[in-house]
Participant: 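Before I ask anything, let me first share the structure, which is written out below as structure tokens.
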Amino acid sequence: MVGIVSSGIGSGLDIQGLVQQLVAAEGQATSQRLLVREAGFQSELSALGTLKSALDEFKLAAERLGDGEITATKTARSADDELVGVLANTDAASGVYEVEILNQATSARLTSGVFAGVDTAVGTGTLTLTAGGESFSVTIDEEANSLAAIRDAINNASDNTGIEASIINADSGAVIVFSGADTGDEATIAISQAGGDGGLASLTFDPNAGSNPLTLSQAAGDARARVNGLDVTSATNTFDSVIDGVTFTALSDTAGETVRLTVSNDTDAVKGALATFTIAYNSFVDAVNQLSSFDPDTNEAGPLQGDSTLRSAVDLLRRELSNNTESAASAFDTLNEIGITLDENGKLQTDDTQLDTILQDNFRSVQVLFGADDGYVSRLVSVVDSFTGTDGVLDTRTDGIQNSIDGLAVQNEALNQRLVSLEARLLRQFNGLDSLLAQLNNTSNFLSAQLANIPTPGDNNGS
């Protein structure tokens with residue numbers, strides 16, 4: 001059975017505290033060295049993450065310039081957008097179009113005769129309603145055969161093909177109106193009745209009949225317009241197949257008045273994409289400068305000062321920005337020719353006046369300069385991908401640093417295990433010493449007591 005050990009009883013020393021100090025002193029230098037190395041690796045990881053983020057942002061901005069949806073965007077303007085609205089897609093050809101809206105598209109509307117009120121019984125039977133060639137039926141019985149009930153039965157029909165019934169309470173009485181949802185010449189309405197007491201005959205309409213109980217208060221009709229002197233029609237107020245890539249909408253009749261529609265290249269969209277491109281590159285340069293900086297006053301260096309990966313990324317991108325694009329489809333082969341240059345600080349700057357002129361006069365060549373197979377976008381993206389892509393330079397660097405950090409963790413664990421063993425050994429040694437000292441003290445005390453009891457010469461007790 002292991003006895004109870006009270007460390008320090010024999011010697012009076014704080015053995016536990018002494019051992020802890022000795023263990024801490026033994027591990028301090030190595031532990032500090034491992035912490036410093038890990039902090040350095042973590043700083044490098046963070047710096048590489050900052051570099052990757054700046055490169056990715058620049059790549060996104062470059063890809064946007066190479067996207068045909070951006071560089072081929074068209075803008076369309078109406079001289080009076082309250083009369084005619086207009087939109088253009090990338091297939092639209094630039095041009096000017098004079099548009100006159102002769103009439104807007106209409107839906108069919110049928111009006112009944114006058115009834116005493118909404119609760120007036122009309123009749124029973126089956127009404128079949130047809131809109132644009134598609135039919136549905138409602139059955140009217142004696143329990144719900146009023147004008148209001150018939151309206152509700154039509155509007156609530158689950159298979160309603162596009163006819164809405166409404167009631168107008170005029171001074172002369174109640175009138176039910178049937179309105180088609182669709183417009184155009186083909187959106188006619190027909191209503192027939194069968195069975196019942198025959199009262200529903202007052203709500204029928206045959207477009208081919210000479211006369212009908214219901215009145216055609218508005219005929220369904222196509223919208224008609226005149227574009228550059230040519231007549232065109234549409235079943236709706238939207239004309240989307242008259243001009244390739246252009247959709248215009250008749251918002252009001254303009255008979256006798258033309259509205260000018262202008263379709264052109266959307267230079268503002270391209271300028272915006274170019275501005276984003278230059279800002280992203282300049283932000284990359286700022287990040288590089290910060291990561292590679294050196295402050296002589298504090299003698300502190302950036303985490304990637306002198307780093308070969310950083311220098312390589314900067315050099316390759318600058319080289320591509322300065323290189324030519326050899327595509328024969330472009331009138332330009334350098335960024336300088338369209339007003340984008342590198343300044344003395346390595347940042348991109350734009351001559352807006354020069355760029356505006358070129359976009360107006362040679363829009364297609366600017367598209368090719370960036371979007372061609374050998375254009376700036378593909379070359380710059382290729383450079384960025386070599387650094388930020390899967391298994392790219394930064395991935396490899398990051399994996400290597402992480403492996404080093406993992407190695408430090410293994411070393412730190414080994415150090416801890418060694419210090420635990422050291423602590424146990426020192427405790428055994430000091431406790432052994434403490435026990436020995438306790439025994440020696442006991443012996444000393446015993447001897448002192450014995451010696452104190454020995455008679456001395458001249459002592460009366462010893463005669």
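Because the structure is predicted, anything quoted here is derived from the model rather than measured.
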Participant: Val288 and Ser292: which non-hydrogen atoms are nearest, and at how many Å?
Facilitator: O-OG, 2.7 Å

Participant: Between Asp91 and Lys74, is a salt bridge (Lys or Arg N to Asp or Glu O under 4.0 Å) present by the stated rule, with each step listed?
Facilitator: CA-CA 8 Å; Asp91 296 327; Lys74 294 294 191 298; over 6 Å; no

Participant: Taking the side chain as C-beta and beyond, is there a heavy-atom pair between Val99 and Thr258 under 4.5 Å?
Facilitator: no

Participant: Report the residues that fulfil side-chain hydrogen bond (donor to acceptor under 3.5 Å, both in side chains) with Ser211, sequence neighbours left out, ordered by chain and then residue number.
Facilitator: none

Participant: Looking at Glu44 and Arg397, does any basic side-chain N land under 4.0 Å from a carboxylate oxygen?
Facilitator: yes

Participant: Is there a donor-acceptor pair under 3.5 Å between the side chain of Thr278 and the backbone N or O of Leu348?
Facilitator: no

Participant: For Val86 and Arg77, work out which heavy atoms get closest and say how close.
Facilitator: CG1-C, 3.7 Å

Participant: What's the shortest heavy-atom distance between Arg109 and Ser179, and which atoms?
Facilitator: CG-OG, 3.9 Å

Participant: Taking atom OG1 of Thr73 and atom CZ of Phe363, what is their separation to the nearest 0.5 Å?
Facilitator: 7.5 Å

Participant: Could you go through the side chain to side chain donor-acceptor pair (under 3.5 Å) check for Asp81 and Ser78 one step at a time?
Facilitator: CA-CA 5 Å; Asp81 55 15; Ser78 170; over 6 Å; no

Participant: Do Asp406 and Gln402 have side-chain N/O donor and acceptor atoms under 3.5 Å apart?
Facilitator: yes

Participant: Verify, without hydrogens or angle tests, whether Asn282 (side chain) and Lys347 (backbone) share a donor-acceptor contact under 3.5 angstrom.
Facilitator: no

Participant: Is the backbone of Ala165 close enough, under 3.5 Å, to the side chain of Arg151 for a donor and an acceptor to pair up by distance?
Facilitator: no

Participant: Looking only at non-hydrogen atoms, find the nearest pair between Ala250 and Gln104 and report the distance.
Facilitator: O-NE2, 3.0 Å

Participant: What are the two closest heavy atoms between Leu65 and Ala273, and how far apart are they?
Facilitator: CD2-CB, 3.7 Å

Participant: Taking all atoms of both residues into account, what is the closest heavy-atom pair of Leu147 and Ala174, and its distance?
Facilitator: CD2-CB, 3.8 Å

Participant: Which residues satisfy the ring pair (Phe, Tyr, Trp, His ring centres under 6.0 Å) test with Phe58, sequence neighbours excluded?
Facilitator: Phe277, Tyr281

Participant: Does any N or O in the side chain of Gln193 come within less than 3.5 Å of the main-chain N or O of Gly198, such that one atom is a donor and the other an acceptor?
Facilitator: no

Participant: Quick check: does any side chain N or O of Thr106 sit under 3.5 Å from a backbone N or O of Ala219, one acting as donor and the other as acceptor?
Facilitator: yes

Participant: How many angstroms lie between OG1 in Thr188 and CZ in Phe205, if you round to the nearest 0.5 Å?
Facilitator: 9.0 Å

Participant: Could you please spell out the steps behind the salt bridge (Lys or Arg N to Asp or Glu O under 4.0 Å) verdict for Arg319 and Asp315?
Facilitator: CA-CA 6 Å; Arg319 185 183 68 186; Asp315 292 344; over 6 Å; no

Participant: Donor-acceptor pair, Ser46 side chain versus Gln42 backbone, under 3.5 Å?
Facilitator: no

Participant: I'd like to check Thr161 versus Thr130 (side-chain heavy atoms, cut-off strictly below 4.5 Å). Are they in contact?
Facilitator: no

Participant: Under a 3.5 Å distance rule, please check whether Asp244 uses its side chain to pair with a backbone N or O of Ala93 as donor and acceptor.
Facilitator: no

Participant: For Thr124, is there any backbone N or O sitting under 3.5 Å from a side-chain donor or acceptor partner on Asp141?
Facilitator: no

Participant: In Å, rounded to the nearest 0.5 Å, how long is the span from CG of Leu51 to CG of Leu310?
Facilitator: 5.5 Å

Participant: Only pairs at least two apart or in different chains count here, so list each ring pair (Phe, Tyr, Trp, His ring centres under 6.0 Å) that has a residue in residues 225-256.
Facilitator: Phe239-Phe248

Participant: If you apply the rule salt bridge (Lys or Arg N to Asp or Glu O under 4.0 Å), what do you find for Arg379 with Asp374, and how did you get there?
Facilitator: CA-CA 7 Å; Arg379 302 200 318 265; Asp374 64 339; 5.7 Å; no

